[in-house]
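See below for the structure under consideration.
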Amino acid sequence: MRASGCILFISLLILSWFSFSLALSDAEASLIAHRQLLSLQEKDNLPNQYEFEVDVQVKFANPRLKHAYVGLQAWKKAMYSDPLNFTSNWEGHDVCSYKGVFCSPALDDPKLNVVSGVDLNHGDIAGYLPVELGLLTDAALFHINSNRFCGIIPKSFEKLKLIHEFDVSNNRFVGQFPNVVLSMPNLKYLDIRYNNFEGDLPPQLFDKALDALFLNDNRFASYIPDNLGKSPASVIVFANNNFKGCIPRSIGNMTNTLNEIVFLSNELSGCLPPEIGLLGNATVIDTQANLFAGILPTTLTGLEKVEHLDVAYNKFTGLVSDSICRLPSLVNFTFGQNYFTGEEKGCQPGSRKGVALDDTSNCLRGRPKQKSQKECVPVVSKPVDCSKDKCSRPSRESPNQLSTLHLQYLFFHHHHL
Ligand SMILES: *[C@@H]1O[C@H](CO)[C@@H](O)[C@H](O)[C@H]1NC(C)=O
Ligand SMILES: *[C@@H]1O[C@H](CO)[C@@H](O)[C@H](O)[C@H]1NC(C)=O
Ligand SMILES: *[C@@H]1O[C@H](CO)[C@@H](O)[C@H](O)[C@H]1NC(C)=O
Ligand SMILES: *[C@@H]1O[C@H](CO)[C@@H](O)[C@H](O)[C@H]1NC(C)=O
């Protein structure tokens, strides 16, 4: 209990710890991105036999360190501001002594010392990622969180086959989801939160053997792919994007692995799928601030480990039952800012010692701080029937498939007219 409470605390902290000291204007960011674009036009990926010139004066302990040197020097050139002097000692052949660069024996040849990781976290560096970073083929760890890197993640990163942890969070990256991470076979930890990524998520993301996936605070605006439940990740955070549509019913297949899932602040809608109740090992389930409607599925009683359950700021209706409020591990259940018309005794704030319950701003008769009748009537009088709702009914076609079908239909018509 205590340990997982701590995990909860840490993860909530993680959601809010970034300070926004980024002093890069949008114009500067787009200038840097433009420079990256120019360099990518010259070479958008690294050829397999990348030719490079290295000062003959510089001697390396082995060829892989020479590759790393070329990659790191190209990166240094692509940095326009390094206010904390992270890279001032990035000179000369001894790349293992560069600040933020880590070496260890190569996995496939322990006699060779190679660059196994880069960690420039909190460097506040402005710049872009050059194609030459694809030369860091021994890196297992790439951490550049809280910098001012702009532009895109170059395709050459697909050469980093050993990457285990990829953290580019809290930078100024733009464009579609960086598909290049899908070609990192050993990736376990993917953190791209606090950037300006937009568009869709590739379904293949959920086929990967990730442990943790942080997508929050970007501009993603797609459906959550139907194969969500294939992901073995223990933590998935979708918060603060514009995801829409249903929570895929496959979520029920994450029973044994999912610990924490956060949908906070998106445009997700429909009823909660009853399969959510199968998440018997989850400690955090957060659906706050979406457009969810209907009643809470009775299956939520299966959430035996849940400590933090948040359904606030939605359009839920119906009764909040004791069987949810008395879940054995519950620490905080927030269901305010909805249209609930009833709550059982054990759900009233203060009724359970050590459990924070919040029922404010609903349509609960006799409770303080509720919505007015005028606000309640239009919603409560037309409750959503979850047995007919597209999100909680066995799906025939997902919205994704539907839109593909629709496109095919359009395509067909245009070509036959
Ligand atoms: C970084 O180096 C410059 C020039 O050597 C120096 O003026 C500045 O104070 C240094 N900044 C920090 C944070 O050490
Ligand atoms: C879980 O996976 C199985 C097969 O892998 C599939 O048949 C089933 O429909 C999935 N369950 C959900 C809730 O999607
Ligand atoms: C929790 O996960 C373990 C495996 O890690 C599994 O054996 C168990 O069935 C899960 N518990 C529930 C309630 O689903
Ligand atoms: C319960 O969780 C909500 C957010 O989900 C938070 O705002 C509130 O402060 C928490 N209450 C307690 C007592 O921790």
Side-chain angles (χ1 to χ4, degrees), residues 1-17 19 21-24 76-77 79-92 97-100 119-127 146-148 216-217 235-241 247 259-266 268 272 276 279 282-292 296 300 303 305-316 320 324-338 340 343 346-362 367-369:
M1 248 320 264
R2 175 160 297 210
S4 43
C6 181
I7 291 169
L8 166 65
F9 175 72
I10 290 170
S11 36
L12 291 177
L13 199 70
I14 286 171
L15 269 179
S16 57
W17 77 1
S19 59
S21 67
L22 305 191
L24 201 61
K76 191 177 175 181
K77 277 209 196 91
M79 293 175 183
Y80 298 100
S81 157
D82 177 8
L84 306 178
N85 295 336
F86 259 62
T87 61
S88 1
N89 82 341
W90 285 26
E91 310 271 355
S97 72
Y98 289 13
K99 188 170 177 192
D119 185 340
L120 297 183
N121 282 353
H122 299 277
D124 203 21
I125 297 167
S146 305
N147 282 282
R148 295 173 290 157
N216 52 289
D217 296 86
V235 178
I236 302 188
V237 183
F238 292 102
N240 300 313
N241 280 286
I247 293 181
N259 184 253
E260 204 172 305
I261 192 152
V262 181
F263 297 105
L264 171 77
S265 250
N266 278 288
L268 295 164
L272 294 184
I276 277 201
L279 299 175
T283 59
V284 176
I285 298 180
D286 189 340
T287 65
Q288 190 184 119
N290 280 282
L291 304 166
F292 293 117
L296 295 179
L300 293 187
L303 301 176
K305 300 272 174 60
V306 80
E307 297 170 15
H308 184 91
L309 180 61
D310 191 339
V311 302
Y313 292 90
N314 281 290
K315 293 166 106 183
F316 289 114
V320 188
I324 298 175
C325 300
R326 298 217 166 117
L327 280 168
S329 310
L330 207 56
V331 173
N332 184 341
F333 176 34
T334 305
F335 55 95
Q337 312 287 340
N338 279 291
F340 291 114
E343 71 184 346
C347 296
Q348 286 195 4
S351 66
R352 247 188 97 187
K353 201 162 171 261
V355 180
L357 295 160
D358 181 1
D359 68 356
T360 51
S361 194
N362 277 293
R367 293 287 308 155
K369 298 190 198 148

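Counting convention: from 1, in listed order, for ligands and their atoms alike.
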Closest protein heavy atom to [atom], given as residue, atom name and distance to 0.1 Å:
{"atom": "atom 3 (C) of ligand 1", "result": "Asn85 ND2, 3.7 Å"}
{"atom": "atom 13 (C) of ligand 1", "result": "Pro83 O, 3.5 Å"}
{"atom": "atom 10 (C) of ligand 4", "result": "Asn332 ND2, 2.3 Å"}
{"atom": "atom 5 (O) of ligand 4", "result": "Asp310 OD2, 2.5 Å"}

Side-chain contact, heavy-atom cut-off 4.5 Å: Phe333 with Val311? yes
Between Phe316 and Phe292, what is the ring plane arrangement, given parallel below 30°, perpendicular above 60°, and tilted in between? parallel
Fit a plane to each ring of Trp90 and Tyr98, take the angle between them on a 0 to 90° scale, and name the class: parallel (under 30°), tilted (30 to 60°) or perpendicular (over 60°).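 Rings of Trp90 and Tyr98: parallel, as their planes differ by under 30°.
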Drop me the distance from Thr334's OG1 to Tyr313's OH, to the nearest 0.5 angstrom. 10.0 Å
Using a 4.0 Å heavy-atom cut-off, which part of Ser88 comes near ligand 1: side chain, backbone, both, or neither? neither
Lys315 atom NZ, neighbour heavy-atom count above 12 within 6.0 Å: no
Right, does atom 7 (O) of ligand 4 have protein non-hydrogen atoms nearer than 4.0 Å?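 Under 4.0 Å from atom 7 (O) of ligand 4, zero protein heavy atoms found.
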